[in-house]
Protein chains: 2
Amino acid sequence: MKALSQVGKYGLRAILYLVANPSEGQYMSIRQISDNLKLSFHFITKIFRELTEKGILISYRGPSGGIALAKPADQIMLIDVVKALEGEDYFDKCLIGLPHCGIAKPCPVHEFWKETKIQLQKNFAETSLATLGEKIRTQEVRLDE
Amino acid sequence: MKALSQVGKYGLRAILYLVANPSEGQYMSIRQISDNLKLSFHFITKIFRELTEKGILISYRGPSGGIALAKPADQIMLIDVVKALEGEDYFDKCLIGLPHCGIAKPCPVHEFWKETKIQLQKNFAETSLATLGEKIRTQEVRLDE
DNA sequence: CTTTATTAAGATAAAATACTCTTAAATAGG
DNA sequence: CCTATTTAAGAGTATTTTATCTTAATAAAG
Ligand code: SF4
Ligand code: SF4
């Protein structure tokens, strides 16, 4: 049961590093993040570019440039990041993929699959990046190595 | 949030067709299933071969051969089929993939990810193929086209 | 014994995903 | 203006997943 692609996993881990190490009014360089998390600089750069396009991050080029959250961390919910990384239809996926399922006569697994999706969606929607950053710092969770 | 690979989806759909159309003591040909579900015969054949190896199905070659459930439908749980199709570690997957996470200091998403997995696992474990087949028949769910 | 129907097995091809590399553009600072 | 630092953009490569194709093995029936 893989919920996220590599893009989603790396993107989340990278953004968690960012929120766990806040630097007042400064940009954090992508190099610092990729080095610390030991992830490919180029791959993370590409992922961050998408997040910048989608309005989750802002970026700045040149010396002392880097990326930063576009909004305060308590105003960005996990679900925003996940949808940006995995697509807006992330929670609309079907379990078995019947070709012309209009959900008029739902298949026998639809009910509990829907439940599962709603439960995860609720948790994603209620969790802010600020909350996650705080937890990582206070509980000393290691994101690296 | 894609829970199943194509192998998993096709495999489930094909086995649902089988349980929804029971034929007392006979084998159902793979051709019939792939034709009715409009899925690739070769791909379904390959998937069924794995399910046969894993003991979910039995097969028989030659005229009037085909595949059949290895056990009565009420003794095969959805979770058995899913694990056979997707791997035994299906419910052990990590959400963000921290490299050396020993779950001593779980990351801040572990708790609700675990909840989600347990909920789906429970539903998969409590649902038998017999139940699904019955629902498909009585609720006239279409698996084809 | 031959033909036909069927699954088994594995090679091959195509497509999607994951990752890398190169070059360009922006910006700060000397 | 020049150089160093950093993200942007996109081309290129590798790996995995998905799907197809070919040939073999098995078994029934004439
Ligand atoms: S009923 Fe739901 S799970 Fe079933 S095929 Fe339709 S969308 Fe998918
Ligand atoms: S705590 Fe759980 S979700 Fe987080 S990295 Fe470890 S296994 Fe994955």
Side-chain angles (χ1 to χ4, degrees), chain A residues 2-15 18 23 25-70 85-87 90 93 96-97 99, chain B residues 2-15 18 23 25-70 85-87 90 93 96-97 99:
Chain A
K2 195 180 73 173
L4 298 173
S5 67
Q6 290 294 82
V7 168
K9 286 181 190 176
Y10 291 171
L12 251 183
R13 283 170 60 190
I15 214 164
L18 178 68
S23 51
Q26 287 176 48
Y27 292 96
M28 177 179 284
S29 83
I30 298 176
R31 181 68 67 182
Q32 178 186 342
I33 298 173
S34 65
D35 278 1
N36 274 282
L37 299 187
K38 294 184 178 67
L39 298 175
S40 154
F41 166 76
H42 293 287
F43 203 22
I44 294 296
T45 298
K46 180 180 275 187
I47 294 169
F48 276 158
R49 214 158 61 220
E50 286 175 36
L51 290 176
T52 302
E53 270 170 26
K54 301 238 170 76
I56 305 279
L57 300 176
I58 49 176
S59 67
Y60 197 81
R61 291 198 257 197
S64 80
I67 52 102
L69 294 180
L85 290 166
E86 300 280 339
Y90 183 69
K93 299 290 172 61
I96 59 171
Chain B
K2 195 180 74 172
L4 298 173
S5 67
Q6 290 294 82
V7 168
K9 286 181 189 177
Y10 291 171
L12 252 183
R13 283 170 61 189
I15 214 164
L18 178 68
S23 52
Q26 287 177 48
Y27 293 95
M28 177 178 284
S29 83
I30 298 177
R31 180 68 68 180
Q32 178 187 342
I33 298 172
S34 64
D35 278 2
N36 274 283
L37 300 186
K38 294 185 178 67
L39 298 175
S40 153
F41 166 77
H42 289 107
F43 202 23
I44 294 295
T45 298
K46 179 179 276 187
I47 294 169
F48 276 157
R49 213 159 61 221
E50 286 174 36
L51 290 176
T52 302
E53 271 169 25
K54 301 239 169 78
I56 305 278
L57 300 177
I58 49 175
S59 67
Y60 197 80
R61 291 198 257 196
S64 80
I67 52 101
L69 295 179
L85 290 166
E86 300 280 341
Y90 183 68
K93 300 289 172 62
I96 59 171

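We name chains A, B, ... by the order of the sequence lines, and we start the count at 1 in each one.
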For DNA chain C, the residues among residues 27-35 of chain A that have a non-hydrogen atom under 4.0 Å from it: none
Gln6(A)/Tyr10(A) under side chain to side chain donor-acceptor pair (under 3.5 Å): CA gap, chis, key distance, verdict: CA-CA 6 Å; Gln6(A) 290 294 82; Tyr10(A) 291 171; 3.1 Å; yes
Protein-nucleotide distance (Leu51(B), atom CG; dT7(C), atom P), rounded to Å: 14 Å
Euclidean distance, atom CG of residue Leu85(B) to atom C1' of dT17(D) [Å, nearest integer]: 15 Å
Whole-Å distance separating the CD atom of Glu50(B) from the C1' atom of dG10(C): 13 Å
Inter-residue atom distance Gln32(B).CD - Leu18(B).CG, 0.5 Å rounding: 9.5 Å
Whole-Å distance separating the CG atom of Leu57(A) from the P atom of dT6(D): 18 Å
Distances under 3.5 Å between protein N/O atoms and the N/O atoms of nucleotides 28-30 of chain C, please, pair by pair.
{"from": "dA28(C)", "atom 1": "OP1", "to": "Tyr60(A)", "atom 2": "OH", "distance (Å)": "2.4"}

Interatomic spacing from CZ in Arg49(A) to CD1 in Ile44(A) - rounded to 0.5 Å: 12.5 Å
Taking every non-hydrogen atom, the tightest pair across Ala70(A) and Gly55(A): CB-O, 3.3 Å
Interatomic spacing from CD1 in Ile33(B) to CD1 in Ile47(B) - rounded to 0.5 Å: 11.0 Å
Ile67(B) and Tyr60(B): CA distance, side-chain angles, deciding distance, side-chain contact (heavy atoms from CB on, under 4.5 Å) verdict: CA-CA 6 Å; Ile67(B) 52 101; Tyr60(B) 197 80; over 6 Å; no
Nucleic acid footprint by protein, nucleotides 15-22 of chain C - heavy-atom cut-off 4.0 Å, B for base, S for sugar-phosphate alone: ---SBBBB
Nearest-0.5 Å distance, CG of residue Leu57(A) to CD1 of residue Ile15(A): 4.5 Å
Between C1' of dA11(D) and CZ of Arg49(A), the distance in whole Å: 12 Å
Approximate separation, where rounding is to 0.5 Å, of Lys9(B) NZ and Leu39(B) CG: 12.0 Å
Gap between atoms CD and C1', on Glu53(B) and dT7(C) respectively (whole Å): 13 Å
Nearest heavy atoms of Ala14(B) and Leu37(B), plus distance in Å: CA-CD1, 3.6 Å
From CG (Leu51(B)) to OG (Ser59(B)), nearest 0.5 Å: 11.0 Å
Rounded interatomic separation in angstrom, taking CD1 from Ile47(B) and P from dT20(D): 11 Å
Phosphate OP1/OP2 of dT6(D): any Ser59(A) side-chain N/O under 4.0 Å: no
Separation of dT7(C) P from Ile58(B) CD1 (nearest whole Å): 13 Å
Donor-acceptor pair, side chain of Arg31(A) and main chain of Phe41(A), under 3.5 angstrom: no
